[in-house]
Amino acid sequence: MSNRTLPVNIQGNHACALGAVAAGCRFYAGYPITPSSEVAERMSAELPKVGGIFIQMEDEIGSMGAIIGASMGGSKVMTATSGPGFSLKQENIGYAAMTETPCVVVNVMRGGPSTGMPTRPAQGDVMQARWGTHGDHPAIVLVPSSVKEVFDETVRAFNLAETLRTPVILLIDEVVGHLVETIALPKASELDLVDRKWADGPKKGFQPFAVTDDMVPPMPRPGDGYRAHFTGLTHDESGFPTQKPEKVAQAVGRILDKLERHRDLIESYEALQTDDAELLVVAYGITGRSARKAVAMARDKGLKAGLLRPITLWPFPEAALKEATKNARHVLVPEMNAGQLCYEVERICGTERIARLNRFDGEAISPAHILEKIEELA
Amino acid sequence: MSGFEIRFSGAGGQGLQLCAKLLSAALAREGKTVAISQGYEPTSRGGLSRADMVVSDEGAAEYPLVTALDYLVVLDRAAVGVSEGLVREGGLILIDARRVDKMPRGKYEIRQMPFSETAMRLGNERVANVIALSALVGIGNICARETLEQTIRTGTPPKFLDLNIEAMQQGYALADEQVAAA
């Protein structure tokens with residue numbers, strides 16, 4: 001207890017804002033949208049206290065552009081939105097990926113498609129978070145399932161964005177975003193924070209997109225005297241556009257490879273009673289907590305059920321899933337959508353063992369509903 | 001893990017979210033872990049509103065949404081149907097005697113109580129929420145009465161403090177009447 005503050009009741013969206021500020025975020029640009037607005041509201045209250053900047057922009061496109069610019073200027077940055085706004089941000093998310101600009105993008109998911117149901121929960125943006133922007137691009141997507149995990153994963157999102165110079169998406173569902181839970185926030189001194197690698201070598205001949213051992217080139221800080229050029233066009237080490245096939249393959253290959261090489265840093269999951277599991281449930285976000293209770297209820301009934309709850313949704317923790325399904329005859333994927341993550345699970349486990357449980361009517365999937373399906377399969 | 005589930009329900013504007021906020025702050029003071037979720041219709045006044053609490057003695061609730069209510073408070077007829085089938089057998093239901101004319105049917109302990117009527121007698125129907133909350137705490141021993149009082153004192157703007165404390169005392173008095181009658 002001594003290292004922690006006293007437990008308080010905090011809303012998921014507020015925990016996101018507090019986690020961001022604790023992680024060093026000093027610039028937020030956004031356009032309020034239900035059910036994410038409390039993130040912006042809290043950032044507008046917290047950032048001035050630490051000398052940060054909060055801007056309410058004209059729309060989501062402008063917000064995304066603003067945080068990219070501020071990040072290039074040297075700040076740790078974040079924006080938050082929901083489905084319709086997340087769609088608008090996609091073009092600039094690709095620009096951030098291509099220019100290797102660290103940023104954190106929060107999407108508190110609501111019912112869709114289109115403006116859908118602003119106050120109702122859904123998990124319909126799983127594939128958009130991975131493939132929303134065009135072209136072959138790296139994507140890190142984190143999906144917390146409790147208020148405490150929202151705080152922790154927000155901090156981790158900043159660390160990953162800074163370490164790997166890439167956008168990180170925090171995918172929260174409406175239930176978790178609006179959920180209030182009693183949590184003890186860690187003290188600032190308890191947090192391991194990462195700052196991006198800044199260029200500090202010779203200025204002459206500086207290559208802003210050089211191929212380094214870790215595949216993450218150091219970033220030039222404005223004012224330090226480095227010449228650098230940022231463009232969404234495919235560029236070589238110099239930062240200027242190229243269409244030479246070998247340079248293009250190297251450039252795109254590197255931004256993909258930098259994630260592959262750091263999977264151990266990125267991947268996170270909870271594995272529960274998977275060793276002898278004959279039926280494995282794969283669930284995330286609020287559905288992951290529902291599944292946790294369902295698995296406990298199934299065990300009480302003597303059924304060998306287990307849970308794999310990905311906290312990193314993309315890149316998907318593939319090795320963990322393979323390990324957890326070693327003895328599984330059935331793999332159940334409950335999701336608050338018409339079936340999205342199940343495709344990735346099928347890719348890894350094969351289609352024969354997969355069962356789906358989908359709900360997209362604006363209601364969460366209850367533990368009883370998952371248990372019913374487990375009993376049906378067992 | 002031992003724990004219990006509570007729902008405050010009624011119409012938008014009746015202060016149901018505030019009930020959950022005050023009670024969860026009181027429970028946090030007593031070392032409990034709380035999860036609160038809410039639901040409301042687009043109409044800010046008159047539409048259905050509910051605030052749900054899952055309380056556990058240690059650690060975060062496994063599943064933070066309600067599945068079997070131990071306690072249900074209904075302050076408006078708009079909320080009668082929505083909790084059907086969600087209350088545990090033997091669960092305690094407190095109902096506003098004036099604003100709700102349809103009773104839930106089932107094996108519950110149902111008590112019709114004059115929350116809004118008492119609030120009007122105090123000069124402001126809007127404190128029916130604090131009366132109901134205090135009655136619930138009094139009957140169900142959900143937290144110490146003193147802890148709730150401390151929370152109300154900390155959480156109420158000075159302008160409304162006296163009224164809220166009076167409402168709390170009326171709620172406790174109603175609870176004592178119920179307990180004595182039982």
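Letters A, B, ... mirror the listed sequences (proteins, then strands); counts begin at 1.
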J.: Give the atom names and distances for all donor-acceptor pairs closer than 3.5 Å across chain B and chain A.
T.:
unit_1	atom_1	unit_2	atom_2	d
B:S24	O	A:N9	ND2	3.0
B:S24	OG	A:N9	ND2	3.4
B:V34	N	A:T182	OG1	2.7
B:V34	O	A:T182	N	3.0
B:V34	O	A:T182	OG1	3.3
B:I36	N	A:V180	O	2.7
B:I36	O	A:V180	N	2.9
B:A61	O	A:R289	NH2	2.5
B:E62	O	A:R289	NE	3.3

J.: Of all residues at least two apart in sequence or in a different chain, which pass the side-chain hydrogen bond (donor to acceptor under 3.5 Å, both in side chains) check with B:R145?
T.: B:D176

J.: Non-hydrogen atoms of chain B under 4.5 Å away: do they reach the side chain of A:V175, the backbone, both or neither?
T.: side chain

J.: Under a 4.5 Å heavy-atom cut-off, does chain B meet the side chain of A:A296, its backbone, both or neither?
T.: side chain

J.: Counting C-beta onward and ignoring hydrogens, is there a side-chain heavy-atom pair between A:V147 and B:P64 closer than 4.5 Å?
T.: no

J.: Could you check whether atom CZ of A:F360 has more than 12 heavy atoms from other residues, nucleotides or ligands sitting under 6.0 Å from it?
T.: no

